[in-house]
Amino acid sequence: MPSLSDLGQLPKRLVLGRPVRSDRVGESLLPKRLALPIFASDPLSSVAYATQEILIVLTLAGTAFLFLAPWLAIAVVLLLGTVVLSYRQVVRAYPSGGGDYEVAIKNHGQFAGLVVASALLVDYVLTVAVSVAAGTDNVISAFPALNQHRVAIAVGLVALLAAANLRGLRESGRTFAVPTYLFISGILVMVVTGLVRHFFGTDITAESAGYSISPEPGFEQLTGLALLFFVLRAFASGCTALTGVEAIANGVPAFKPPKSRNAATTLALMGGIAATMFSGVTALALFADVKYAEHPCDLVGFTGCETEPQRTVIAQVAAATFGGDTSVGFFYIQAATALVLVLAANTAFNGFPLLGNVLAQDSFLPRQLHTRGDKLVYSNGILLLAGFAALLITAFQADVNRLIQMYIVGVFTSFSIGQWGMVRHWRRELATETDARARARIRRSQLINAVGGSLTTIVLLIIVVTKFTRGAYLVILVMPVLFLLMQAINRHYSHVAAQLTPDSSARLLPSKVHAIVLVSKVHKPTLRALAFARATRPDVLTAVTVNVDDAETRGLQADWERYDIPVPLTVLESPYREITRPVVDYVKGIRRQSPRELVIVFVPQYVVGHWWENVLHNQSALRLRARLQFQPGVMITTVPWQLESSIGRGDDDRRPGPMPGDLRRGLTDDQVDATPYG
C-alpha cells in the first residue's frame with residue numbers, strides 16, 4: 001500500500017513530470033525562437049482586441065467618428081515603436097531581469113521601485129484575466145452555444161496554463177510556440193488576402209456592415225473639449241496593443257547568451273510583427289465596415305442581441321475575408337486567435353514569477369517566491385498568479401469589456417517611471433564616460449528614453465482621466481494596498497534580521513541544561529527517548545507525566561519502579577484532564593527560577609507509513625510542540641519510533657511491503673498506544 005508521501009507525490013508527478021536537478025538550470029534557457037512566443041505572445045495577441053477597443057469607443061457616437069480609427073491606429077503604432085526602442089535600452093543596461101522595477105529602485109529609490117512593482121503585479125494578473133477572457137470570447141464566436149459556460153471555460157484554461165508552466169520554461173515554450181506562429185502566419189495571410197480582395201477583387205463586407213448604431217445619449221453632437229476627451233478615450237483603449245512589451249525586459253535571465261542582445265533582437269521582432277498585424281487588422285475592419293458596440297442591442301438590425309453574443313471584430317474580418325463563417329479560413333483564424341489569446345497569458349506566467357523572485361530577494365515579498373520548484377521554475381509565483389487571475393475572472397464573469405477597463409493603468413505606470421529612470425541612468429553614465437563615441441551613443445539612448453518617458457506619461461494621464469470611472473479606479477486603489485503590503489513585509493524581514501544579528505550575549509553558554517522527557521507509559525519509545533536524553537549529558541534530567549487518570553498513573557509509577565529506571569519521574573496533576581497546559585506551565589516554572597537555564601524537551605513520536613495512521617497517532621505530541629516552540633530558552637527534540645508500516649517507505653529505500661521469508665516481529669500491547677505521549 002502506498003505511503004502518505006507517495007500518495008501526495010502522485011498527482012504532482014502526473015502534472016509536472018519528473019523533477020529536474022539544480023545543475024541542469026542552464027538547459028532551461030531559451031533561444032530566440034522560443035523566447036518570442038513565451039514573452040511576446042501578449043503584445044502579439046493584442047491585435048485580436050486592440051482594434052475592437054477603438055471601435056467600441058468610437059461607436060458610442062454612432063458611426064460619425066469612425067473615420068478617426070486609422071489615425072488612432074497610426075498613433076498607437078508610433079507609440080509602440082517608441083516603447084520598443086526604449087526597452088531595448090533597458091535590456092542592455094539592466095540584464096538581470098528586474099526590468100522597470102530594477103530601473104526605478106536604482107535610479108529613483110525604494111518608493112518609486114515599489115510603485116512600479118505594485119503596478120506590474122496588478123498588470124500581470126489582469127493580463128491573464130483579460131487574455132483568457134478574450135480567448136474565451138473567440139471560442140464563443142465560433143460556437144455561440146458555449147456562452148453559458150463562459151466562466152468555467154476561462155477558469156479551466158487558467159488551470160491548464162498554470163500546469164503547463166509548472167512543467168518548465170522550455171517545455172511550455174515548445175507548447176506555446178506552435179500556436180503563436182500559427183496565429184502570426186494566419187493573421188498575415190488574412191491581411192494580405194483581404195487587401196488583395198479589396199484593391200484588386202471583390203470588396204470584403206462584414207456581417208455587421210448593414211447595421212446602424214444609435215449614439216449614446218450625450219454623444220450626438222461632440223465639440224470642443226468633449227470631442228478631444230472622446231478621441232483621447234478611444235486612443236487610450238487602443239493602447240491595449242502595448243501590453244506585455246515589458247515582459248521581455250523582466251525575462252532577460254531566461255534567454256540564452258548573449259542574453260541582452262538576444263532579448264533586444266526579440267523585442268525588435270515583436271514590435272515589427274505586432275505593428276504589422278495591428279495595422280492590417282484595423283485596415284480590414286474599416287474596409288469591411290465592421291460595426292461593434294459595447295452593448296449588442298445598440299446595433300440597429302441585430303435581431304438576436306438579447307440572447308446571442310456579437311462576434312468579435314477579428315471573427316467578422318475573418319468571415320468577410322475568407323467567405324463566411326463556415327469557411328476553413330474562418331475557423332482557422334478563430335482557433336488560432338483563441339489559442340494565442342489564452343497562451344498570451346503565458347507572458348504573465350513567466351513575468352510574474354521572475355518579478356516575484358526579484359522582489360523576494362529584496363525582501364519585499366515572501367521568501368517562498370524565490371524558491372525554484374521541481375522543474376526549475378518559480379512554482380509558488382505561478383500558483384499565486386493563477387489563483388488571483390481565477391478569482392478576478394469569476395468576479396467579473398469573464399467579461400472582457402469590464403476587465404479591460406482596469407487594464408494598462410499598471411502598464412503605463414511602470415513604462416513611465418522606468419523610462420525616466422533610464423534618463424537618470426544615462427545621465428550618471430555621461431558623468432563618468434570620456435570617450436566621444438561612447439558619449440554619443442549614451443546621448444542617443446538618453447534621448448530615446450526621454451521621448452519614451454514623455455509619451456508614456458502623457459498616455460498614462462489620458463488613461464487615468466478617461467478610464468477612471470469605468471474601472472481604472474479599482475487598480476488605483478489596489479496598487480497602494482500592494483505598496484503598503486510590500487513595505488510591511490520588508491519591515492518584518494528587517495526586524496527579524498536585526499533580532500537575529502549575533503551580539504556578545506549570544507555567545508554566552510547557558511548556566512545549566514535541564515532535560516525533560518515526556519512519558520505516557522513505559523514502552524520502547526519512552527526508553528529510547530530516555531536513552532537519547534541521557535546521552536546528551538544534561539545537568540538535570542527529569543521524566544514528566546501528566547495525571548489524567550489515577551489508575552493509569554499508579555500503573556506507570558509501578559512499572560517505573562519495576563524496570564528500575566534511573567531517572568526521577570515527576571507527576572503533574574491535571575484536574576481538568578489537560579495534557580498540554582500542565583507541561584507548558586512546568587517548563588515556564590523552570591525558566592522563571594533560572595532564566596539562563598536551557599530546557600530541552602524530548603518528545604517521543606511515532607513514524608507511520610500510511611496516511612490514515614496519522615489520524616490515530618501523535619496528536620498530543622503535535623499540540624505540545626506547537627505550544628512549546630513559543631517559549632524562549634526551550635528546545636524541542638523529537639525522538640522518532642518507526643512503526644512497522646513505515647519501514648522501507650523512505651525515498652531511497654522503497655518497498656511495497658514484507659517479502660516472502662522476511663522475519664516479522666509483532667508489536668507488544670504496550671507499543672500499540674494512541675501516541676508515545678498522550
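Keep in mind that this is a model prediction, so the values were computed, not measured.
- In this structure, the separation between CZ on F396 and CG on L391 is 11.5 Å, given to the nearest 0.5 Å.
- In this structure the side chain of H492 never reaches within 4.5 angstrom of the side chain of I489, judged on heavy atoms.
- Heavy atoms of other residues, nucleotides or ligands lying less than 6.0 angstrom from CZ of R537 number 12 at most.
- Looking only at distances, a side-chain donor or acceptor of R591 sits under 3.5 Å from a matching main-chain atom of P632.
- Scanning both residues, V116 and S414, for their nearest heavy atoms gives CG1-CB, 3.9 Å.
- No hydrogens or angles considered: nothing links the side chains of N380 and Q368 as a donor-acceptor pair under 3.5 Å.
- When all heavy atoms are compared, the tightest approach of A398 to A133 is O-CB, 3.6 Å.
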- Task: Evaluate the criterion side chain to side chain contact (heavy atoms under 4.5 Å, CB included) for residue pair L126 and L392; output intermediate values, then yes/no.
- Result: CA-CA 8 Å; L126 282 165; L392 200 59; 3.4 Å; yes

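- With a 4.5 Å cut-off on side-chain heavy atoms, Q605 and W641 do not count as touching.
- Residues I516 and F602 are not in side-chain contact: their nearest non-hydrogen atoms beyond the backbone lie 4.5 Å or more apart.
- Side chain to side chain, N107 and Y94 meet the donor-acceptor criterion of an N or O pair below 3.5 Å.
- Taking every heavy atom of both residues into account, A529 and P604 meet most closely at CB-CG, 3.8 Å.
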request  = Give the C-alpha distance, both sets of side-chain angles, the deciding distance and a yes or no for side chain to side chain contact (heavy atoms under 4.5 Å, CB included) between L384 and F352.
outcome  = CA-CA 9 Å; L384 193 65; F352 184 97; 4.2 Å; yes

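- Residues L161 and V132 meet the side-chain proximity criterion, which asks for heavy atoms closer than 4.5 Å.
- Nearest heavy atom pair, residue P95 against residue S260, reads CB-OG, 3.2 Å.
- Shown are V522, D559, T526; of these, the side-chain contact (heavy atoms from CB on, under 4.5 Å) with I565 is made only by V522.
- Residues L530 and A543 share a closest heavy-atom pair of CD2-CB, 4.4 Å.
- Considering all non-hydrogen atoms of both residues, P568 and W560 come closest at C-NE1, 4.5 Å.
- Side-chain atoms of S131 never come within 3.5 Å of backbone atoms of V128 as a donor-acceptor pair (strictly under, hydrogens ignored).
- Interatomic distance, Y124 OH to L355 CG, rounded to the nearest 0.5 Å: 6.0 Å.
- Taken from OH in Y101 to CG in L120, the straight-line distance is 11.0 Å, to the nearest 0.5 Å.
- The local environment of CZ in F388 is sparse, with at most 12 non-hydrogen atoms from other residues, nucleotides or ligands closer than 6.0 Å.
- Remark: aromatic rings of F111 and F483 are close, center separation under 6.0 Å.
- Looking at heavy atoms from C-beta onward, L598 lies in side-chain contact with I600 at the 4.5 angstrom threshold.
- Using a 4.5 Å heavy-atom threshold, the side chains of L572 and T545 count as separate.
- Residues S594 and H514 form no side-chain contact, since every pair of their non-hydrogen atoms from C-beta on lies 4.5 Å or further apart.
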Report task. Could you go through the side chain to side chain contact (heavy atoms under 4.5 Å, CB included) check for M406 and V478 one step at a time? Result -> CA-CA 11 Å; M406 298 181 288; V478 170; over 6 Å; no

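- Atoms CZ and CG, from F255 and N262 in turn, are 7.0 Å apart once rounded to the nearest 0.5 Å.
- Here the straight-line distance linking atom CG of L624 with atom CD1 of I636 works out to 9.0 Å at 0.5 Å rounding.
- To the nearest 0.5 Å, atoms CZ (R491) and CG (L484) are separated by 8.0 Å.
- When each of L541, V544, V567, L527 is checked for a side-chain contact (heavy atoms from CB on, under 4.5 Å) with V517, only L541 meets the rule.
- A donor and an acceptor atom, one from each side chain of R367 and Q361, are nowhere located under 3.5 Å apart.
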Item to complete: Please assess K588 against R592 for the test side chain to side chain contact (heavy atoms under 4.5 Å, CB included), listing each intermediate value before the final yes or no.
Response: CA-CA 6 Å; K588 285 181 177 179; R592 278 195 299 270; 3.8 Å; yes

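- Judged by distance alone, with hydrogens and angles left aside, the side-chain atoms of D539 form a donor-acceptor pair with the main-chain N or O of V513 at under 3.5 Å.
- Looking only at distances, no side-chain donor or acceptor of D362 sits under 3.5 Å from a matching main-chain atom of F364.
- Counting heavy atoms from C-beta on, the side chains of L569 and L556 come closer than 4.5 Å.
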